[in-house]
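One-based numbering, in listed order, for ligands and for the atoms of each.
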Amino acid sequence: MTMPVEEFLNHIHGEWVRSRSGRTFDNINPADTQDNVGRFQASTAADAEAAVGAAAAAFEGWRKTPIGQRAKVLNKAADYLEAHADRFGLELSREEGKSVALGRDEFLRAAQTFRFYAMEAQTFGGETYPQDDADMVVYSQREPLGVVTVISPWNFPASIPARKLAPALVMGNTVVFKPSSDAPLSGLRLTEALVQAGLPAGVLNFITGRAGDVGPIITTSRAISAISFTGSTQAGMHIQRTVHLTTRLQMELGGKNPLIVMEDADLDQAVDLAVKGGLSLTGQACTGTSRLIVVPQVKEAFTQRLLQRVQALKIGPGTTPGMDLGPLATAKQLETVLSYLEIGRREATLLCGGERLTQGVYAQGYYVSPAVFTDVTPQMRIAREEIFGPVLAIIEAADFADAMAKANDTEYGLSAAIATRNPKYMHAFAQDIQAGTVKINRTTTGNLVNAPFGGVKNSSTSTFRESGRVGLEFFSSTKIIY
Ligand code: NAP
């Protein structure tokens with residue numbers, strides 16, 4: 001017997017509502033395309049206008065709500081996410097493909113993010129300025145920007161929007177939130193948590209639907225004071241070209257992150273960094289390792305150990321405990337990754353994997369076996385373009401200087417790592433690598449809730465970092481009072 005498919009609604013001006021289009025779209029499980037995770041609203045420009053209008057109407061009341069009350073909503077929402085983390089984690093696994101354990105961790109991290117901003121915002125004030133006039137006080141204060149748009153991708157459908165929503169709301173902004181059409185349920189759960197925690201009507205408006213339909217309204221409307229976007233560099237560039245002059249932008253975009261392996265590295269650790277950084281999350285992390293830049297002294301030994309590890313990885317649905325890799329998240333991702341595997345076969349030497357898996361448990365999902373290419377040069381497409389899949393490229397570098405030149409020879413600059421025991425290499429790497437996040441004997445993936453996060457070059461806008469205290473700066477402006 002097939003289960004009826006649940007329909008999920010938009011949340012506009014405090015009400016759960018259908019799209020005016022009367023149309024919906026399906027959220028399909030990438031591990032089993034027979035599994036429909038839910039039916040979501042195919043919103044239109046009119047729905048988007050209603051969401052922006054509701055946020056604008058709610059702004060005056062929310063900005064005047066005491067900070068303690070705004071923080072209380074975040075803390076209550078965090079309680080709700082923690083209480084439901086098992087169920088929401090399972091849903092996240094079904095809509096995105098990562099393991100249930102990672103899905104659960106994402107909701108717990110979202111809760112941690114809410115609590116962090118609830119506390120941090122209460123110490124985020126202005127300054128007083130010494131001056132000569134005894135009859136005057138000069139001070140600054142932080143004010144919310146107004147209506148802000150949050151747009152998030154499918155690969156971290158809970159933790160990424162959480163780190164945008166929490167600072168936006170606690171600073172007194174009102175929000176229009178559009179999650180990825182490929183994993184909208186986790187974003188709906190965040191919204192549900194905040195709504196049940198007592199957020200007033202219109203403060204957070206959640207709409208689902210194709211970027212082409214709702215995107216122009218929620219990005220180019222004059223009412224939008226700021227946009228916090230995470231997604232592809234291509235979509236980010238499009239938004240940047242079309243926004244209004246006064247709309248503040250923060251964008252976290254693509255990556256092509258290197259791991260340098262030096263001659264003195266602990267090779268088992270280096271292999272671990274490559275496998276965990278490059279292949280966990282099926283290579284679908286913006287900070288995932290995709291280029292392994294290795295010096296000749298250890299290239300053969302590193303490659304052999306890497307192949308052993310990669311070939312032993314367990315691939316399967318995120319709902320089966322103990323899997324190392326899940327499916328690709330969407331049919332489009334599968335197509336993209338398969339096309340890069342083809343390109344890689346023509347450009348370089350495939351050492352293992354790279355096969356579409358279609359038998360047994362894989363029959364209904366978007367699975368490929370993790371691929372390792374060698375003889376890769378920096379000019380090749382698999383070394384330059386973001387693949388966003390389980391594909392590792394080994395690039396030989398003559399020495400440290402050559403490794404650094406190759407690591408920096410990219411349009412991206414999100415995250416970068418080095419495996420070495422030599423403090424000189426560590427220091428030089430930290431100084432000269434062109435990346436927003438630098439890891440020494442750690443995976444390129446992973447960042448703290450309380451630390452800033454973002455990249456350089458085409459990986460981010462050069463405006464504000466997100467995460468940590470700087471998230472509060474992005475979502476507020478400074479007023480000076482004499
Ligand atoms: P995407 O296709 O760019 O979509 C991201 C989000 O933007 C989705 O909600 C999408 O809506 C929306 N969108 C796309 N074009 C838009 C437009 N013109 N106006 C308004 N909204 C628009 O990216 P994705 O495939 O979801 O995510 C993968 C990409 O995100 C990779 O490039 C990855 O590196 C990057 N990423 C970066 C970070 C980081 O922190 N730097 C973190 C995670 C992921 P629809 O779903 O409706 O198309």
Side-chain angles (χ1 to χ4, degrees), residues 25 27 30 40-45 48 52 95-96 98 106 149-164 176-187 206-221 224 227-243 247 249-257 281-290 328-337 385-389 410-415 435-437 444-447 452-461 464-467 471:
F25 66 92
N27 182 11
F40 286 79
Q41 303 305 306
S43 305
T44 60
V52 173
E95 72 173 348
E96 199 272 348
K98 68 179 67 165
E106 239 194 82
T149 293
V150 166
I151 301 176
S152 54
W154 46 261
N155 67 335
F156 289 98
S159 59
I160 287 180
R163 71 178 179 225
K164 300 174 187 296
V176 176
F177 169 28
K178 190 202 108 54
S180 164
S181 301
D182 292 310
L185 182 52
S186 299
F206 170 86
I207 53 164
T208 54
R210 285 184 40 224
D213 295 328
V214 301
I217 302 293
I218 64 173
T219 55
T220 63
S221 161
I224 305 296
I227 301 168
S228 183
F229 170 90
T230 299
S232 59
T233 298
Q234 192 189 9
M237 283 177 170
H238 172 82
I239 292 172
Q240 202 232 7
R241 278 196 301 273
T242 56
V243 295
T247 303
L249 282 177
Q250 170 197 65
M251 296 197 177
E252 298 307 334
L253 309 167
K256 193 72 191 169
N257 312 295
L281 302 161
T282 320
Q284 300 173 117
C286 54
T287 50
T289 307
S290 64
L328 292 160
T330 65
K332 189 168 155 239
Q333 273 304 115
L334 176 66
E335 201 184 303
T336 305
V337 170
E385 297 172 22
E386 186 183 47
I387 301 173
F388 225 54
T410 168
E411 66 172 294
Y412 296 109
L414 194 54
S415 181
T437 302
T444 52
T445 49
N447 55 291
F453 173 73
V456 296
K457 296 153 93 175
N458 280 351
S459 290
S460 294
T461 37
F464 291 78
R465 292 274 182 260
E466 71 175 353
S467 183

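Between Phe453 and ligand 1, a contact under 3.5 Å exists for no N or O pair. For ligand 1, the polar-atom distance check against Arg210 finds no nitrogen or oxygen pair separated by under 3.5 Å. Of the N or O atoms in Thr233, none lie within a sub-3.5 Å distance of an N or O in ligand 1.
For Phe388, the heavy-atom gap to ligand 1 drops under 4.0 angstrom. Residue Pro179 places a heavy atom less than 4.0 Å from ligand 1. The shortest separation from a heavy atom of Arg163 to ligand 1 is under 4.0 Å, placing the residue in contact.
Between the choices Ile239, Ile160, Ile218, Asn155, the shortest heavy-atom distance to atom 19 (N) of ligand 1 belongs to Ile239. Comparing Ser232, Ser152, Ala211 against atom 23 (O) of ligand 1, the shortest heavy-atom distance belongs to Ser232.
Closest to atom 26 (O) of ligand 1, if we only count protein heavy atoms, is Trp154 CD1, 3.1 Å.
Defined by atom type and a distance below 3.5 Å, a donor-acceptor pair is missing between the side-chain atoms of Gln284 and Asn155.
Contact annotation for atom 7 (O) of ligand 1: protein present (non-hydrogen atoms, distance under 4.0 Å).
Across every non-hydrogen atom of Ser467 and Asn447, the tightest pair is OG-ND2, 4.5 Å.
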